[in-house]
Amino acid sequence: MYAQLVKAEGMKSPEEMTPEERAFQERIDRGEKIEPKEWMPEGYRKTLIRQIGQHAHSEVVGQLPEGNWITRAPTLERKAILLAKVQDEAGHGLYLYSAAETLGVSRDELIELLHAGKMKYSSIFNYPTLNWADIGAVGWLVDGAAIMNQVQLQKTSYGPYSRAMIRICKEESFHQRQGYDILMKMCLQGTQAQKDMAQDALNRFWYPALMMFGPSDKDSIHSAQSMAWKIKINTNDELRQKFVDQTVPQAEYLGLKVPDENLKWNEEKGGYDFSEPDWSEFFEVIAGNGPCNTERLEARVNAWEDGAWFRDGLMAHAKKQDARRAAARLAAE
Amino acid sequence: MSSEWPLWEIFIRGQHGLNHRHVGSLHAPDADMAIRNARDVYTRRNEGVSIWVVKSNDITASAPSEKGPLFEPSNSKVYRHPTFFDIPAEVGHM
Amino acid sequence: MATAVPAVDPAAYFEWLQRVGDNALILGHRVSEWCGHSPVLEEDIALANTALDLIGQCQLWLGLAGEVEGKGRNADALAYLRDAAQFRNVLLVERPNGDFGNTLMRQFLFDAWHHALLGALKSSSDPRVAEIAAKADKEVAYHLERSADLVIALGDGTEESHARMQKALNGLWAYTGELFLGDAVDEAIAQAAIAPLPQTLHAAWEATVTSVLTEATLTIPGKVWQHGVSGAGGGKRGVHSEHLGYILAEMQFLQRAYPGGTW
C-alpha cells in the first residue's frame, strides 16, 4: 500500500507487558482513540511515524507520475481535472505530515529522511506514465487500491491519523472515478489506437498495482503487532483479494483483458484466483532499482533544494515584520 | 541554515452558521500567509466562509492525565440533560 | 434569452477574445508546470489553484470566441488545433518559469494588469463579457493579493531572495509594455464599449506595481526597450517567442497525434 513493509516493533504477550502497556492495549481493544500527548508505547509512536511518514511521502512523490501529463492533457477539462487531482495529492501529503507532526517529529525532518533515502514511499510511483491511458489506469487501479486501504484506516487507533484519513477518503472518492472515466471515454467511444493504449496501460499497471498491497503478511510479526495496535486493519492478502474481485468486472466492462492467464472465478471462495506479482521485482523497486526511482527522488530533492531560498526569504520577512511591530509598540509606549 | 515555517492550527466556519471547527494544520511563515494557505488548502471544495489561524505553540491543551478529574465528575450530573425528567405525554411537547 | 450583442466587426471581436483567452490559457499552462515541484506543499497547492482559475477562465473566453467566430469551433478546438501564429497571448505569459521568484514576479506583473482589465470589463456592453469578467475578477483579485504579498516578502526577505526578485523584475520588465499596446482591433472593441483601450489601464497598473515594488524595496527598471511593441512583432499580433512552439508541441501532442479521438 502507500505504506508498505512498515516495520513494527516486536510484539509482546499480555504477560510481558508493563501495566501501562496493558492499559494502553485495553484502550485500543475497547475502540478508544489515542490522542497526541497521551501516553503510548515508544514502539507504537515509532511505528506510526514510519507508517504515516511513508504514507505522506507516497502522496507527494505520487504527484510526479500524474503531474507528468498535466501539460499534455488532451482537453482543457481533462487538464483541469488532472491538475485538481494532483493538487489533492499534495493536500493529502500535507494532512498526513501534520498527523505525523503530532507525534513529535517535524515535517522538515521527515522530508530530509526521505531525501536521504532513509524513508520509503510506495513502490508504485517508481513506474513511468508513458501514455495518456496510464493516467486513467493510475486513477482507476492505483487510487482504487489506495482507497481500499484508506477506507479501513479511517478506523485506525491514532486520532490524528484517523481524522486525516477521513478527510482524505472524502476528497479521494473522485480520483478513482476520474481515472475510470478517462478509460471509459477511450475504450467505449475512442478509436482503435486509443483502445490499444488503454490495454497497454492495464498490461503495465496490473501487477505493480497488486504489489501495492505488499507481500503476503499472514505470518509477519510486524503485521500482527500493527493489527493489534489497529494501525493496520486488514492483511495484505485480504485487501489484494478484495481489489482483484472488484477490479476484474470493471476491466471487463471496458473490454480490456487483465494480463493474467490464471485469472479465474473460484466459486468456492467467492473470489478470483489470480497470479502473484513478481515479488523479486517488487523488492528491487523498493531497493531503488525501479524504472523511475532516481528521477522521482531527484525531482523531490531539486524542488526542496531549489526552493530553500524561497522558504528562507519568507521566514526572514516574517521575522523582520515581527521585529518592526515590536519596535513600533515600544515607540508608542 | 534554513528554519522551518511554524505550524498553525486551522479553524473554519462552514456555510451553515456553526462554530469554527478545527480542520487541520499547515505551515506558514506568518499569520497572513497562514490564512491564505488555509484558504488554498482547506477550502478547495467550498467548505468555508471564515478562517481562524492559531500558532500551534500558542494552544494550551488540557493534560491527558487530568482526564479523570476534568471530565468524569460531569458524568453523574444526569439532571443536566432533559431526558432526566419524565413529562407525561398529555402535557405535549416540551 | 437574447442578449444585446453590441454592433462590432465579428473578426475584430474574435481576435480580441482570443487575446484575452490565450493569455489565461498560456499562463495557466505555465503555472501548472510547477505542480509537484514547488518549494513547499502549501505553495504547490496555492499555485495549482491559480492555474485552475486561469484554465477555467480560458475555457469561458475561448468558448465565447468560438461562438462569435461562428464556425463551430469550441474552446478545445481553439486551444488544441491552432498553430503558434494563430495564438494571441502577450509574450509575457509565455516567458519560461525560471526560478520560483521569476514565476511569482511574472504572475504579479500580469495579475496587476489582469485585475485592472477585468474590473473594467465588468461593465462591458456585452453582458456575456461582463458575466465572465465578474466571475474572473474575484479569482484574480485573490491572485493579485497573493502574488503582491509574496513579491513584497521576498524583496524584503533575505539578501538572496531580494537579489533573485530584482533579477526577475529586470528580466520581465521588457515584456510589460505589450500589455498596453493598442491597435485597430482594440479601437473597434473600445468603440463598441466592450472593453477599454489598453492604454487606459496603464495608470492603474503602474500605481499598483509602483506601490508593491517600492514596498518590496525593489528598483523599477524604468524606461527600457519593450518587446513586441514597435514594428509588427508581438504576441498579440501572433508573432511569438520560440517558447510558445514548445508549449504547444507539448500541450497539443495528443490531439495532433490521434486526430478524431474521444478524450
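The chains referred to below are lettered A, B, ... by the order of the sequence lines, with proteins before strands, and numbering in each begins at 1.
C:E43 touches chain B through its side chain: at least one heavy atom from C-beta onward sits under 4.5 Å away, while N, CA, C and O do not.
The backbone N or O of B:H27 sits less than 3.5 Å from a side-chain atom of C:E42, completing a donor-acceptor pair.
Heavy atoms from other residues, nucleotides or ligands lying under 6.0 Å from CG of B:N75 number more than 12. Atom CD of C:E159 sits in a sparse spot, with 12 or fewer heavy atoms from other residues, nucleotides or ligands closer than 6.0 Å. The neighbour count for C:E131 CD, taken as heavy atoms of other residues, nucleotides or ligands under 6.0 Å away, does not exceed 12. Residue B:R21 qualifies as open at atom CZ: its count of foreign heavy atoms under 6.0 Å is 12 or below. A 6.0 Å sphere centred on CD of C:Q252 holds more than 12 heavy atoms belonging to other residues, nucleotides or ligands.
C:L150 contributes atom CG, which lies 7.5 Å from atom CZ of B:R36 (distance to the nearest 0.5 angstrom). The distance from atom CZ of C:R146 to atom CG of B:N37, rounded to the nearest 0.5 Å, is 5.0 Å.
When each of C:N49, C:T50, C:L47 is checked for a side-chain contact (heavy atoms from CB on, under 4.5 Å) with B:D40, only C:N49 meets the rule.
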